Amino acid sequence: MTYTYKTQGTCSTKIELELDGNIVKNVKFTGGCPGNLLAIPKLVVGLTDDEGEQKSSGIRCGFKPTSCGDQLAHACRAAYEESQK
């Protein structure tokens, strides 16, 4: 299942992720800092949605209350919930 998540409060504008059951298979960010957005997906691909969420949840970018990683945590949760419908 492929899911698109519209980010909030970050330079990136959306996250597309693919779940196979509850395993994160592919992650692609649109916009944002290229280095971070190439590295972050490599850290969560192959993990369960829950593991990906736990690893990236709560990370802040400077003084912002969120980050691209934190938004990925939200995207993992939203994608999993959508897959259960």
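Everything numeric here is computed off the predicted structure, so don't read it as measured data.
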Specify the closest pair of heavy atoms between [X] and [Y], including all atoms of both residues, with the distance to one decimal.
X: Ala78; Y: Tyr3; result: CB-OH, 3.4 Å
X: Val45; Y: Lys25; result: CG1-O, 3.5 Å
X: Cys76; Y: Val24; result: SG-CG2, 4.3 Å
X: Phe29; Y: Cys68; result: CE2-O, 3.7 Å
X: Lys64; Y: Gly9; result: CD-O, 3.5 Å
X: Leu17; Y: Ala79; result: CD1-CB, 3.6 Å

Got a donor-acceptor contact below 3.5 angstrom from the [X] side chain to the [Y] backbone?
X: Ser56; Y: Gly69; result: yes
X: Thr7; Y: Thr10; result: no
X: Gln84; Y: Glu81; result: no

- prompt: side chain to side chain contact (heavy atoms under 4.5 Å, CB included) between Asn22 and Asp50: does it pass, once the steps are laid out?
  reply: CA-CA 8 Å; Asn22 68 335; Asp50 191 50; over 6 Å; no
Mind checking whether [X] and [Y] have side chains closer than 4.5 Å, heavy atoms only?
X: Leu72; Y: Ile40; answer: yes
X: Glu16; Y: Asn26; answer: no
X: Ser12; Y: Thr30; answer: no

query: So, Glu18 versus Thr2: side-chain donor-acceptor pair below 3.5 Å or not?
result: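 Checked: Glu18/Thr2 side chains show no N/O donor-acceptor pair below 3.5 Å.
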message: Would Met1 and Ser83 count as a side chain to side chain contact (heavy atoms under 4.5 Å, CB included) here? Give the steps.
response: CA-CA 7 Å; Met1 174 200 129; Ser83 74; 3.3 Å; yes
- request: Would you check, one step at a time, whether the test side chain to side chain contact (heavy atoms under 4.5 Å, CB included) holds for Asp49 with Arg77?
  value: CA-CA 7 Å; Asp49 63 284; Arg77 173 60 38 212; 4.0 Å; yes
field: Separation between NE2 of His74 and CD of Gln71, rounded to the nearest 0.5 Å
entry: 5.0 Å
- prompt: Can you tell me how far CD of Gln8 sits from CG of Asp70, rounded to the nearest 0.5 angstrom?
  reply: 10.5 Å
message: Please determine whether residues Ile15 and Leu47 belong to a single hydrophobic cluster, defined as Ile, Leu, Val, Met, Phe, Trp and Tyr linked transitively by side-chain heavy-atom distances below 4.5 Å.
response: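 Yes: a chain of side-chain contacts under 4.5 Å links Ile15 to Leu47.
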message: With clusters defined by side-chain heavy atoms of hydrophobic residues (ILVMFWY) lying less than 4.5 Å apart, directly or transitively, does Tyr5 cluster with Ile59?
response: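 As far as the 4.5 Å side-chain criterion goes, Tyr5 and Ile59 are not connected within one cluster.
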